[in-house]
Number of protein chains: 2
Amino acid sequence: MNQINRVAIVGGTHGNEFTGAYLIQKFAQFPDLITRQSFDTVTLLANPNAFAAGRRYLEKDLNRCFLKQDLEDPTLSSYEELQAKSIQHTLASNRDKQADFILDLHSTTANMGLTIILVNSHPLNLKLAAYLSQINPLVRVYRCSFKSIEEIPFVNSLCKLGFAIEVGPIAQGLLKATLFQQTEELVYTILDYVEQFNQAEIPSTNDTLILYDHLSVVDYPIREDGTIFGMIHPELQDKDYQALNPGDPIFITFDDKTILYEGTSTVWPIFINEAAYYEKGIAMCFTQRQQINI
Amino acid sequence: MNQINRVAIVGGTHGNEFTGAYLIQKFAQFPDLITRQSFDTVTLLANPNAFAAGRRYLEKDLNRCFLKQDLEDPTLSSYEELQAKSIQHTLASNRDKQADFILDLHSTTANMGLTIILVNSHPLNLKLAAYLSQINPLVRVYRCSFKSIEEIPFVNSLCKLGFAIEVGPIAQGLLKATLFQQTEELVYTILDYVEQFNQAEIPSTNDTLILYDHLSVVDYPIREDGTIFGMIHPELQDKDYQALNPGDPIFITFDDKTILYEGTSTVWPIFINEAAYYEKGIAMCFTQRQQINI
């Protein structure tokens, strides 16, 4: 990859994550903001019906519909499954119009700052992530544990370059000006970086990058009937990316009993108390903090 | 009213306001917590289908379905309209089982602390509100501007005594342990107060109460097609119950222009950036702060 010809900025993949959806509308209205000399930039409101309804999705989480086998399965026909196939067609199938870099804008109720979610370890993604985290202390880099592209159900499976951005904490269904502006600035910085890459002038970065590598997901305390009986412990709430050590409080039950983290090694929890993950049985994700050479 | 015989604690009137819904489940599991000697306490999960779906409502906002004329209208038959009629039957129609005091537990994405929402000025409601705000600095008292009971669309229209509690800031669809516990404590304090009232031993309070009286609602900046083009200004975000003076920033547009408050007198905004109110065209409510004698 010597040249990036087309960047796609995607928002509203989850219809109640307003920051990305409204940024897409702003970029569509003021295209000069995202125009750079050496490549085309396109925008996509990924789930317009869910956005109109103010819901994450109508029938199925769109950002779980991009498994290759599902995109090729003609029997899958829910609104979001069809939408995923349409997005694949728009961004990936047509060689002339194919996106070389996809930036998917999300928000989260967890205190994730400006998190870059890598689904692979492409050297350019790592370099860009290192650059962004170097110039902005709010940027964190989370790397998923997918072993192959076939395992990735996200929009970002359509393209090796690019990633999702998770910005928070912010409630679903609203805008916060500070996070809107921080996300917007990050988009411009990424576009500028791609422009410099195309000119073979990418900014120099540190040789190392702090990565948070996915380890596992942790569910809430649940009863036999599947209902929860506890919450994130107050001492852990909003402590995303901070070390959780064996014996630290992790949950508090509805009747005020503290549940401790009983693992044997330190982990770095993220996505702590993400509203959309209650239905997925995820109270948080454990990660391993590490410094890598790039 | 010399004796309160039955208190109803209602939660999940909005299905994505988890604090009240899960407190109701806790109280149902541990009824001793809400049992007092001189009255019965009943609990009600008001919108179980919306709670199961993790949504505010399925077809219509349940807490706008309690207008007297709507409850009496046999043609209204959406899920929530039928649910409202069923709740009226349970809490208000049957003289033997009628609730004398209704406490409706809500949460909000706005920074409302522990807000008591009065729909009338019954002396006992005012005294209780004064007591609660005296012993807990997080408690605020907001009084709606309904002129008669016929105008009140809330659950609390079913009964002169009681009020809603709005607790925030908290995103929809999740629990925060600190707010869960603060709400729980407030419920117990209210039950204890009712118990003392029944014993003719209500705690003494100040003779005055700070009230925030409803003035008007304010919409976001909107285009002719009804879509918004601005957000709450960062300087106003989370400043519920603080004075907004003429000339203060109120919104910021997507293209970074500040919109000032152009009124002629100071107001006290509340419900600033409540997610559920985007669809209602409400960016905030203006109130008038005043001290009244009780």
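Convention: sequence-line order gives letters A, B, ...; per-chain numbering from 1. In this text the structure is predicted, and so the values were computed from the model without any measurement.
The residue among B:Q237, B:Q25, B:Q172 with the most heavy atom pairs within less than 4.5 Å of chain A is B:Q237. By number of non-hydrogen pairs under 4.5 angstrom with chain A, the leading residue of B:R55, B:E274, B:Q181 is B:R55. Interface check for chain B: of the options A:A275, A:P169, A:A171, the most heavy-atom pairs under 4.5 Å are formed by A:A275. Put simply, of B:I228, B:L23, B:T227, B:T178, the one with the most heavy-atom pairs under 4.5 Å next to chain A is B:I228.
Of all the heavy atoms in B:A177 and A:I252, the pair that sits closest is CB-CG2, 3.7 Å. In this structure, A:D255 and B:K26 approach most closely via the heavy-atom pair CA-NZ, 3.9 Å. Between A:L175 and B:N273, the shortest heavy-atom contact is O-ND2, 2.7 Å.
Interatomic distance, A:D256 CG to B:E184 CD, rounded to the nearest 0.5 Å: 6.0 Å. Atoms CD1 and CG, from A:I272 and B:L174 in turn, are 12.5 Å apart once rounded to the nearest 0.5 Å. In this structure, B:M231 CE and A:F18 CZ are separated by 13.0 Å, a value rounded to the nearest 0.5 Å.
Heavy-atom contacts from other residues, nucleotides or ligands closer than 6.0 Å to NZ of B:K280 number more than 12.
Neither the backbone nor the side chain of A:E279 comes within less than 4.5 Å of any heavy atom in chain B. Using a 4.5 Å cut-off between heavy atoms, A:F251 does not touch chain B at all.
The distance between the ring centers of B:F254 and A:F30 does not fall below 6.0 angstrom.
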